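Input: a single structure, listed below in structure tokens.
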2 protein chains.
Amino acid sequence: MVKNTGRPGYLQIADDLREKIRGGSLAPGDPLPSTARLAEEYDASLSVVKLAVGVLRTEGLVIGQQGKGVFVRDAGEPASPDELTEIRATLRDLSERLARVESTLSERG
Amino acid sequence: MVKNTGRPGYLQIADDLREKIRGGSLAPGDPLPSTARLAEEYDASLSVVKLAVGVLRTEGLVIGQQGKGVFVRDAGEPASPDELTEIRATLRDLSERLARVESTLSERG
DNA sequence: CAAGCCAACTAGGTTAACTATGTTGCACAG
DNA sequence: CTGTGCAACATAGTTAACCTAGTTGGCTTG
């Protein structure tokens with residue numbers, strides 16, 4: 001599932017989960033699959049899955065409850081600050097990927 | 001430096017650095033000490049320092065540049081809701097276009 | 001002197017092992 | 001039936017090792 005695009009695996013997984021949350025296929029209150037389960041689904045190591053979940057936790061999209069699972073937060077309040085940091089993260093990523101693509105293209109002249 | 005307060009070490013370090021950034025003792029453009037240096041200063045393992053920096057990166061407070069260091073970002077201004085939705089639409093578009101280009105490139109090996 | 005290589009530093013990504021701790025459900029003893 | 005304990009599962013945190021890769025400065029060689 002995780003592709004070799006130069007985009008690190010833990011961010012690809014975070015992106016995908018974020019997409020599912022934004023898209024509603026993972027609704028507020030829903031639990032994410034367990035980290036072990038996610039590792040299987042994405043064919044990734046447990047470590048990168050933990051990193052991915054950590055990103056979403058930092059972004060405030062998700063709350064982990066020890067012993068239970070990781071749950072999608074209510075998207076209500078955290079409007080601007082979190083959104084902004086997420087957007088900035090996305091912008092940073094796009095810039096990096098663009099730079100990579102551009103350099104690849106220039107090499108092929 | 002990292003105390004046994006129940007608050008995990010990587011968050012204590014992230015808190016402290018965030019404080020220094022918000023307080024201006026680390027100004028925009030300034031480099032953070034290297035991860036090795038931070039590990040010494042906080043008497044923490046390299047791993048927790050990396051996690052701490054990762055948090056700040058995710059929050060967008062800081063930008064890492066491979067080979068150089070980690071630099072404090074320029075503090076962004078709050079944006080209006082309309083701007084946000086427009087920016088999000090633009091980001092979505094950019095992401096799709098980039099994904100197309102990337103897959104084209106990867107197919108051509 | 002100039003070019004280029006190389007060593008030392010930088011961040012970043014991945015994996016694995018171990019620990020701690022919380023939750024849940026089931027089996028077994030009373 | 002009650003409840004107690006235990007096994008299985010969950011997140012969370014810490015550490016360490018290994019690899020990639022960009023930057024910089026100095027030294028060596030031509």
Side-chain angles (χ1 to χ4, degrees), chain A residues 1-17 26 29-73 89 92-93 95-97 99-104 106-107, chain B residues 1-17 26 29-73:
Chain A
M1 180 86 199
V2 172
K3 299 165 190 165
N4 184 15
T5 60
R7 178 104 167 126
Y10 74 99
L11 289 184
Q12 289 184 46
I13 296 176
D15 289 345
D16 194 67
L17 293 174
L26 279 173
D30 283 356
L32 267 56
S34 76
T35 52
R37 187 85 184 75
L38 288 173
E40 287 178 6
E41 286 182 6
Y42 290 103
D43 191 30
S45 75
L46 209 53
S47 300
V48 310
V49 169
K50 281 164 123 187
L51 288 178
V53 172
V55 168
L56 298 181
R57 258 194 302 154
T58 299
E59 289 174 353
L61 283 179
V62 123
I63 289 186
Q65 285 182 247
Q66 234 177 347
K68 283 191 173 178
V70 178
F71 299 86
V72 177
R73 256 177 56 92
R92 216 174 320 125
D93 169 58
S95 299
E96 289 169 6
R97 285 162 64 193
R100 245 191 310 275
V101 169
E102 285 169 346
S103 75
T104 300
S106 73
E107 281 172 7
Chain B
M1 180 82 203
V2 171
K3 300 165 193 170
N4 185 15
T5 59
R7 182 115 170 114
Y10 74 98
L11 289 183
Q12 289 184 45
I13 297 176
D15 290 344
D16 194 67
L17 293 173
L26 278 173
D30 283 354
L32 267 53
S34 75
T35 53
R37 187 85 183 77
L38 288 174
E40 287 177 8
E41 287 183 7
Y42 290 102
D43 190 29
S45 76
L46 208 54
S47 299
V48 311
V49 169
K50 281 164 129 188
L51 287 178
V53 172
V55 168
L56 298 181
R57 256 194 303 155
T58 298
E59 290 175 351
L61 284 179
V62 124
I63 290 187
Q65 285 180 249
Q66 237 176 348
K68 282 193 173 177
V70 178
F71 300 86
V72 177
R73 258 181 52 91

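Computation of the quantities below employed the complete heavy-atom set of this structure, encompassing side-chain atoms and omitting hydrogens, waters and symmetry-equivalent molecules. Owing to the predicted nature of the structure, the values given are computational and were not obtained by experimental measurement. Here is how names work: the chains are called A, B, and so on, in the same order as the sequence lines, proteins then strands, and each is numbered from 1.
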Nucleic acid footprint by protein, nucleotides 17-23 of chain C - heavy-atom cut-off 4.0 Å, B for base, S for sugar-phosphate alone: ---BBBS
By side-chain hydrogen bond (donor to acceptor under 3.5 Å, both in side chains) - contacts of B:Asp15 (at least two apart): B:Arg7, B:Arg18
Contact check, side chains of B:Val48 and B:Tyr42, non-hydrogen atoms, under 4.5 Å: no
Atom pair CG (B:Leu56) and OG1 (A:Thr58), whose distance is rounded to the nearest 0.5 Å: 9.5 Å
Pairs touching residues 34-43 of chain A that satisfy salt bridge (Lys or Arg N to Asp or Glu O under 4.0 Å), sequence neighbours left out: A:Arg37-A:Glu40, A:Arg37-A:Glu41
Residues in contact with DNA chain C, drawn from residues 32-46 of chain A - heavy-atom cutoff 4.0 Å: A:Ser45
Whole-Å gap separating C1' (C:dA11) and CZ (B:Phe71): 10 Å
A:Leu51 side, atom CG; A:Leu46 side, atom CG - distance, nearest 0.5 Å: 10.0 Å
Minimum heavy-atom distance between A:Val2 and A:Gly9, given as atom pair plus value: CG1-CA, 3.7 Å
Boundaries of the chain B footprint along DNA chain D (any atom under 4.0 Å from a heavy atom): D:dG13 to D:dT24
Spacing of A:Leu11 atom CG relative to C:dA11 atom P, expressed in whole Å: 18 Å
For A:Val70, the option from A:Leu61, A:Ile63, A:Leu32 that meets side chain to side chain contact (heavy atoms under 4.5 Å, CB included): A:Leu32
Touch class at under 4.0 angstrom, heavy-atom based, for A:Gly54 against every strand present: nothing
CG-OG1 distance between B:Leu38 and B:Thr35, expressed to the nearest 0.5 angstrom: 7.0 Å
Which residues share a side chain to side chain contact (heavy atoms under 4.5 Å, CB included) with A:Pro31, sequence neighbours left out: A:Phe71
